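Note that the structure is predicted; figures quoted are calculated from it, not measured. Here is how names work: the chains are called A, B, and so on, in the same order as the sequence lines, proteins then strands, and each is numbered from 1.
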Amino acid sequence: MEDRLAPVSESTKGTLLLVDGLSMAFRAFFGLPVENFATSTGVPTNAVYGFTTMLATLMKDHEPTHLAVAFDLPGGTFRTERLPSYKGTRDETPPEFEPQVPLIREVLGALGVTAVDKPRYEADDLLATYARLGREAGLRVLVVSGDRDTIQLVNDDVTLLYPRKGVSDLVRFTPDAVQEKYGVRPEQYPDMAALVGETSDNLPGVPGVGPKTAAKWIGVYGGLAGILESAEDVPGKAGQSLRDHVDQVRLNRELNHLLTDLEVEVPVEDLEYAGGDAAAIHEVCDALQFRTLRDRLLPFAAGDDAAEAAVETAAVVVRSEGAVAAVTAMTGPVAVHVDGRGGADADAWALGVADAADVAWGIDLTGLGPADEKALAAWLADASVPKVLHGAKDAWHALQARGWDLAGIVGDTQIAAFLVNPDQRGFELDQILQRHLGLTLDSAAASGELDLGLGGSAAEGAGERAAHVRALAAVLDPMVAERGMADLYADLEIPLVSVLARMEHAGMAVDREKLGALSDEARGRADRAAEDAYAAIGGDRVNLGSPKQLQEVLFDRLGMPKTKKIKTGYSTDASSLHDLNEKAPHPFLTALLAHRDASKLSQIIETLAQAVQPDGRIHTTFSQVVAATGRLSSKDPNLQNIPIRTPEGHRIREAFVVGEGFDTLVTADYSQIEMRIMAHLSGDSGLIEAFAAGEDLHRFVGSRVFGVAPEGVTPEMRSQVKAMSYGLAYGLSSFGLARQLGLPVGAAQALMDDYFSRFGGVRDYLHAVVEQARKDGYTETIFGRRRYVPDLTSTNRQRRDIAERVALNAPIQGSAADLIKRAMLGVEARLKDEGLASRQVLQVHDELVVETAPGERAAVETILREEMRAAGDLSVPLDVNVGTGGDWRTAGH
DNA sequence: TACTATCCGTT
DNA sequence: GACGTACGGATAGTAT
């Protein structure tokens, strides 16, 4: 019995793996603690995780050629029709289990595993039927079930894997193993079970008869039929008990017989396993937040034909000799890969180029002669040679670091992969190759960090990767086009790469002294507030930065009322602390809030100060492949979350200054861009009129909602309407609105009702956009950028609700992102056309910052105004505010 | 060292 | 019973 999990001997015709879905999911559920397995949104995943792990192990160990997972359907079966109390003693399934069943089916779908079910029949009956069909087809059959009834299926061709504990410890039942454990042959097991009874099925047995007696009788009388025939002769107390319960035994035997002759929808030959879909596996692993499991599932992905064709072309011969001459003679289109890093102390060290189906060139850039240097630099800077890269902006920087320009970028497979599915995570070359071509690079080659001492290997690696990029482009370009995003890709995202590269390269000048003074100040305030906080609790120097220790102080020691629940207890966030301070005022709370404020500030300042480069400027890194809505993101440091609301925030912005040799900073931002997009997309006449009128939007809307003259709109009314308007674009509920405005839910609901009665087009649009997305599976911006929202059809309420908010927000936020990106291209083109030396240095979602050269301020203001306005042709005007100053704060006013 | 949880800054 | 999008990033605490 210890020979569990050893692969069965494979027959020449293959192996059929049959799994009882629910019984194994249930075992997984109870085998793994539910509290340790959930997504960040609280969806429990322990059963999905355990089940999937088990399945992956089985698939890997046994390499089944045919595969099916059978499910019980809700509702009764022919057995409960026969006996309503059948399985009647089972406890109510835990509420965390049910929602995981559709998730398991999603995993199976991604893996390409057939799920089978049949109304009025149990999964076991399907297993029994498929076991017979598989056996008749000459397949070796493996049944995996936690239901003992399936023991009857075991024979020379059918082995049962039965969970002993959890789902990772499976016992292998062959006929001999069954005989050894139960003392009967597998086909006699139901006879035995009929006599002994099955508590889990609510089938009582013969009192006083256990497995030993049952086995003995079966041995003596040859089976249940013989036993019942000779019932009168069965001796002893047990014999009498048997005679008293003959009807029950007959019923048991009738019910525990599994049907092997069901009509099945899927013939057994269609259970042949053809592999899963890599993209779908990624998608489901993303959704369920599976990390380690992803790597175990991906090997089951089948490459499709297109991908395989592309992989073929990626099988390259890499050549280094004569590479420079060969490459510089190319007129494109070519795939280019650059190894190296941008930045102050590193540059490009290897270049790979691929343009033919089977030859790629690799060049070691570290040992080039002057002639080669010149030729290569010219070729890279030649805009008439079209080039495709993966992460072109990084390559741009790496080449720039050695003084070379990169031009002619016509494609970026990283961006293409992002457009195809922006919700994915991880767009590094090796990840995208894995995802779309099923290719696995070895980690050294994939990372591009090859040892320079290995002679030509860096060059060869670069050549190989260039070939892979070429293959990727061949697969991804049609996918982008298929999704209607060819123009968005070629005319917006790709040209933007160079614009962003130049912005990052330029950076923003910083007044170090100002920053330093601010830092000291904030540090001092934080320290003083900390002392106040310690004093307020009797001098105990708890770590104020530790939510855990704060919880202990607030809720245990001070006995304060509980705040909102979080995973680790009760929240100590700012809004909770404010609430607490109203309910139970305490000097500790005030001091803690002040400390939080000051230390956050000093932390931000410290991070910024540390990010200043030797050139006295901060160079952020923008990404086009992070925010699923299409917004840019900024990191190292993030310049898109610099404080602005507080006086201290203003002072931080004052430290961002115009650089030497330049004149001013000009900042231009769209006014109410999201509401304008809402007006355009919804076509609501009231909202369009509001913008056409050109007066204060929230005042206008407020006057309509509250039925007063615009002058009669109080600041209170205005702020309520403003919160309402913006909340709409985020899928705000009346509860959320109430909480934000400090109103009763009823009042918030009334406000929403009034709003919608005046702006019905908005309500209709919001409703329609979700419906359309549910139908199509994706949302779209004005410019055709897609975001897929599969969870709109999820049976899980929470997932569905989140998906609805995503569907509401994505077209609005995404269209705004498209607009400002278009504006950036327009601004860049105008600056160049007009021969100006001013340059864009920052984008913050609805705001552009330009550093102007002397004498160009007026021209730049005009360009910003015009290009931002002209970025889209909407049914409402795009209003732009422009400001100028020697620092970011001043310009922003 | 790597990862999770919490908190908080922006739009 | 929860309940507003999209991010980046610091810190604490825990797992490896």
*Establish, from distance only, whether the side-chain atoms of Arg541(A) and Tyr534(A) form a donor-acceptor pair under 3.5 Å.*
no
Which listed nucleotide ([options]) is nearest to the side chain of [X]?
| X | options | value |
| --- | --- | --- |
| Gln813(A) | dA6(C), dT10(B), dT6(B) | dA6(C) |
| Tyr730(A) | dT5(C), dT10(B), dC7(B) | dT5(C) |
| Ser733(A) | dT5(C), dC7(B), dG4(C) | dG4(C) |
| Ala574(A) | dT5(C), dC8(B), dG9(B) | dC8(B) |

*asked:* Please report the interatomic distance CD1(Ile642(A)) to CE(Met508(A)), rounded to the nearest 0.5 Å.
replied: 9.0 Å
*Nucleic acid contacts - residues 738-753 of chain A versus DNA chain C, non-hydrogen atoms under 4.0 Å*: Arg739(A), Gln740(A)
Mind calculating the distance between [atom1] ([X]) and [atom2] ([N]) to the nearest angstrom?
| X | N | atom1 | atom2 | result |
| --- | --- | --- | --- | --- |
| Leu544(A) | dC7(B) | CG | P | 14 Å |
| Leu639(A) | dC7(C) | CG | C1' | 13 Å |
| Asp573(A) | dA5(B) | CG | P | 17 Å |
| Ile605(A) | dT10(B) | CD1 | C1' | 16 Å |
| Ile604(A) | dC7(C) | CD1 | P | 20 Å |

Inter-nucleotide [atom1] distance ([N], [M]), Å rounded:
| N | M | atom1 | value |
| --- | --- | --- | --- |
| dA5(B) | dC3(C) | P | 16 Å |
| dT6(B) | dA2(C) | P | 14 Å |
| dC8(B) | dG4(C) | C1' | 16 Å |

*Listed by chain and number, what are the ring pair (Phe, Tyr, Trp, His ring centres under 6.0 Å) partners of Phe427(A), not counting sequence neighbours?*
Phe418(A)
*Could you walk me through whether His650(A) and His893(A) pass the ring-ring contact (aromatic ring centres under 6.0 Å, His included) check?*
CA-CA 10 Å; His650(A) 285 161; His893(A) 269 239; 5.5 Å; yes
*Do we get Lys565(A) above Tyr570(A)'s six-membered ring, with its NZ or CZ under 6.0 Å from the centre and within 45° of the axis?*
yes
Between [X] (side chain only) and [Y] (backbone N and O only), is there a donor and an acceptor less than 3.5 Å apart?
| X | Y | value |
| --- | --- | --- |
| Lys393(A) | Phe622(A) | yes |
| Arg617(A) | Gly507(A) | yes |
| Arg653(A) | Pro643(A) | yes |
| Arg822(A) | Gly872(A) | no |

Would you tabulate the pairs of protein nitrogen or oxygen atoms and nucleotide nitrogen or oxygen atoms of nucleotides 8-12 of chain C closer than 3.5 angstrom?
from	atom 1	to	atom 2	distance (Å)
dG8(C)	OP1	Ser633(A)	OG	3.2
dG8(C)	O4'	Asn638(A)	ND2	2.9
dG9(C)	OP1	Asp636(A)	N	2.5
dG9(C)	OP1	Asp636(A)	OD1	3.3
dA10(C)	O4'	Gln603(A)	NE2	3.2
dA12(C)	OP1	Asn543(A)	ND2	3.2
dA12(C)	O3'	Ser546(A)	OG	3.2

N or O in side chain of [X] less than 4.0 angstrom from [N] OP1/OP2:
| X | N | result |
| --- | --- | --- |
| Ser571(A) | dC7(B) | yes |
| Arg797(A) | dC3(C) | no |
| Arg596(A) | dC8(B) | yes |

_Under 4.0 Å, counting only non-hydrogen atoms across every strand here, what does Arg805(A) touch: a base, just sugar-phosphate, or nothing?_
sugar-phosphate
*asked:* In terms of relative ring orientation, are Tyr755(A) and Phe759(A) parallel, tilted or perpendicular, with 30° and 60° separating the classes?
replied: tilted
